[in-house]
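The first residue in the sequence is number 1, and the count goes up from there.
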Amino acid sequence: MKPLRATLPALTLATLWFACSGDPPTPVDPYPPKPCSNERDCPAPVTMLCGKRSCEEGFCKLEVYEKSRSDVRGDCYATVCSSGGYGIERPDFSDVRDDGNSCTKDYCEDGPENAFAVNKTLDPGPAPNGSGFCNDTGRIVECLKPEDCGDIAATCSRFARCIPLTCTNHARDEATGETGIDCGGLCDGCGADQPCESGNDCLSGVCGDDKRCVVPSCKDGIKNEDETDVDCGGKYCDRCPEGQGCENRRDCMDYTCFAGKCQPRTCADGVRNGDEEDIDCGADCPPCQY
C-alpha cells in the first residue's frame with residue numbers, strides 16, 4: 001500500500017492507523033464542538049482534501065466531503081475519504097496519465113511497492129488513430145519508407161515526408177516549386193540562408209525579407225524546432241501557458257501537462273506552483289500543516 005505523499009498534510013496517529021489497517025478508528029466525537037470567532041480558531045481536518053472547517057453561530061463545524069477534492073490526474077492513485085475526514089491514497093488503475101500522443105500506450109503498472117504511470121512508445125508502424133505512422137521515437141510522421149507514400153513517383157524523405165522523386169535528383173526543378181537544390185516547394189524545406197519565396201519553403205517555416213530562410217527562434221511566431229506550441233515549450237523557449245501544447249510538465253508554466261495540453265493550476269495538482277507555500281497548500285490553497 002502506498003503511504004500518503006507530500007501532497008497531503010502531515011499524518012496524525014489516526015491517519016497512520018487508517019494507512020495500516022484499512023479503516024480509521026472511530027472517535028467518540030471526531031470533531032467536538034468548540035467556540036470560535038472565525039474558521040482559523042477551529043482545528044483543520046486531518047486530510048485537507050477530505051474536509052472543510054468553518055465557524056458557524058460561534059461554534060466550529062467540519063464539513064466532510066464524500067470524495068476527496070484531489071484531481072491529480074494520471075498518478076494511478078485515488079484519495080479515499082472516511083466519514084471522519086481521514087484520507088489515504090489507494091491504487092486506481094483507471095487513473096492513467098494521458099500524454100496526448102497516439103504513438104504511446106498509456107496505462108498503470110502495478111509495481112512491487114507502488115502503482116505507477118507508464119507511457120510506452122509503440123513499435124514503428126501505422127498510428128492507431130490512422131493519422132500517419134509512428135516512428136521509433138514515438139512521434140507521428142507521414143511515412144517510414146517509400147512504400148508508405150502509395151505513389152511510385154514519390155519517396156519518403158529524411159524528414160519522414162512523402163516528396164516527389166525529383167526532390168532527390170540534385171537539381172533545382174521549377175516544376176515542383178523548388179527554391180533551392182532539392183528543397184523548397186513540394187520538397188523538404190530549405191535550411192538557413194537558402195533561397196525561399198515563403199515560409200513553406202523553409203525548415204524553420206520563416207522566410208526572411210531578403211528571401212532567405214532564417215534559423216528558428218522563440219519569437220518568430222511559428223511552431224518550429226522542438227517547440228510544443230508557438231514560441232514556447234521544448235529545450236530553448238519559455239514554458240507554455242494554460243491551454244497550449246506540451247509533451248511533459250516541464251513545457252508548462254504551472255508544471256501541469258495532461259492530454260498534450262498545459263492545464264490550469266489547482267490546489268490538488270501535486271505540484272508547488274502559483275503562490276503556494278508548499279505543494280498544494282498555502283496562499284489561496286488550504287493552510288499548510290507541518
Side-chain angles (χ1 to χ4, degrees), residues 1-92 94-95 97 114-115 239-243 249 252-258 261-290:
M1 179 177 291
K2 182 181 179 183
L4 280 172
R5 301 176 299 174
T7 56
L8 300 178
L11 292 171
T12 64
L13 179 59
T15 309
L16 288 171
W17 181 287
F18 186 22
C20 294
S21 67
D23 292 301
T26 304
V28 176
D29 188 348
Y31 204 79
K34 176 184 177 182
C36 60
S37 58
N38 58 65
E39 69 174 33
R40 293 194 175 276
D41 294 334
C42 303
V46 175
T47 302
M48 297 297 292
L49 297 175
C50 281
K52 178 182 179 181
R53 60 183 174 178
S54 62
C55 180
E56 297 183 12
E57 298 180 352
F59 286 92
C60 293
K61 180 180 178 181
L62 173 65
E63 175 189 356
V64 177
Y65 305 140
E66 291 184 5
K67 295 181 179 180
S68 167
R69 291 190 298 112
S70 173
D71 62 351
V72 181
R73 291 179 292 181
D75 65 352
C76 297
Y77 277 83
T79 301
V80 180
C81 299
S82 74
S83 59
Y86 305 103
I88 189 171
E89 285 192 320
R90 291 177 175 171
D92 179 1
S94 67
D95 185 26
R97 181 176 59 205
N114 301 315
R239 294 189 293 272
C240 296
E242 174 187 335
R249 69 179 191 172
C252 302
M253 286 183 177
D254 286 326
Y255 292 98
T256 52
C257 177
F258 192 81
K261 297 289 184 181
C262 293
Q263 303 297 317
R265 169 188 169 266
T266 72
C267 294
D269 53 21
V271 180
R272 182 182 178 183
N273 46 23
D275 296 327
E276 295 171 2
E277 298 171 16
D278 208 330
I279 296 174
D280 295 337
C281 68
D284 60 341
C285 297
C288 295
Q289 294 181 343
Y290 299 102

**Asked** If you look at every heavy atom in Asp284 and Cys267, which pair is closest and at what distance?
**Response** O-SG, 4.0 Å
**Request:** To the nearest 0.5 Å, tell me how far Cys240 SG sits from Asp254 CG.
**Result:** 12.0 Å
**Prompt:** Can Glu63 and Lys52 be counted as an ion pair, charged N to O under 4.0 angstrom?
**Reply:** no
**Request:** Look at the SG atom of Cys60 and the SG atom of Cys36, then say if they are under 2.5 Å from each other.
**Result:** no
**Request:** Decide yes or no for Arg239 and Tyr255: does some side-chain heavy atom of the first lie under 4.5 Å from some side-chain heavy atom of the second?
**Result:** yes
**Request:** Could you tell me whether a side-chain N or O of Arg90 sits under 3.5 Å from a main-chain N or O of Thr79, the two making a donor and an acceptor?
**Result:** no
**Fill in**
Smallest heavy-atom separation, Phe59 atom then Pro35 atom, equals CD2-N, 4.0 Å
**Message:** Tell me if a side-chain donor or acceptor on Asp275 pairs with a main-chain N or O of Ala283 at a distance below 3.5 Å.
**Reply:** no
**Request:** Tell me if the SG of Cys262 lies under 2.5 Å from the SG of Cys252.
**Result:** yes
**Message:** Can a donor-acceptor pair be found, under 3.5 Å and without considering hydrogens, that links the side chain of Gln263 to the backbone of Lys261?
**Reply:** yes
**Prompt:** Between the main-chain N or O of Arg265 and the side-chain N or O of Asp269, is there a donor-acceptor pair closer than 3.5 Å?
**Reply:** no
**Prompt:** How far apart are the closest heavy atoms of Val80 and Cys50, and which atoms are they?
**Reply:** O-SG, 4.4 Å
**Message:** Tell me the closest heavy-atom pair linking Cys285 and Glu276, and the distance in Å.
**Reply:** SG-OE2, 3.6 Å
**Prompt:** Quick one: does Asp92's side chain have a donor or acceptor within less than 3.5 Å of a partner on Ala78's backbone?
**Reply:** no
**Test item: Arg53 side-chain N/O and Pro43 main-chain N/O as donor-acceptor pair under 3.5 Å** = no
**Message:** How close do Arg249 and Thr256 get, counting heavy atoms only, and between which atoms?
**Reply:** CB-N, 4.2 Å
**Prompt:** Does the Asp95 side chain pair with the main chain of Gly74, one donor and one acceptor, at a distance under 3.5 Å?
**Reply:** yes
**Prompt:** Quick check: does any side chain N or O of Lys34 sit under 3.5 Å from a backbone N or O of Lys61, one acting as donor and the other as acceptor?
**Reply:** no
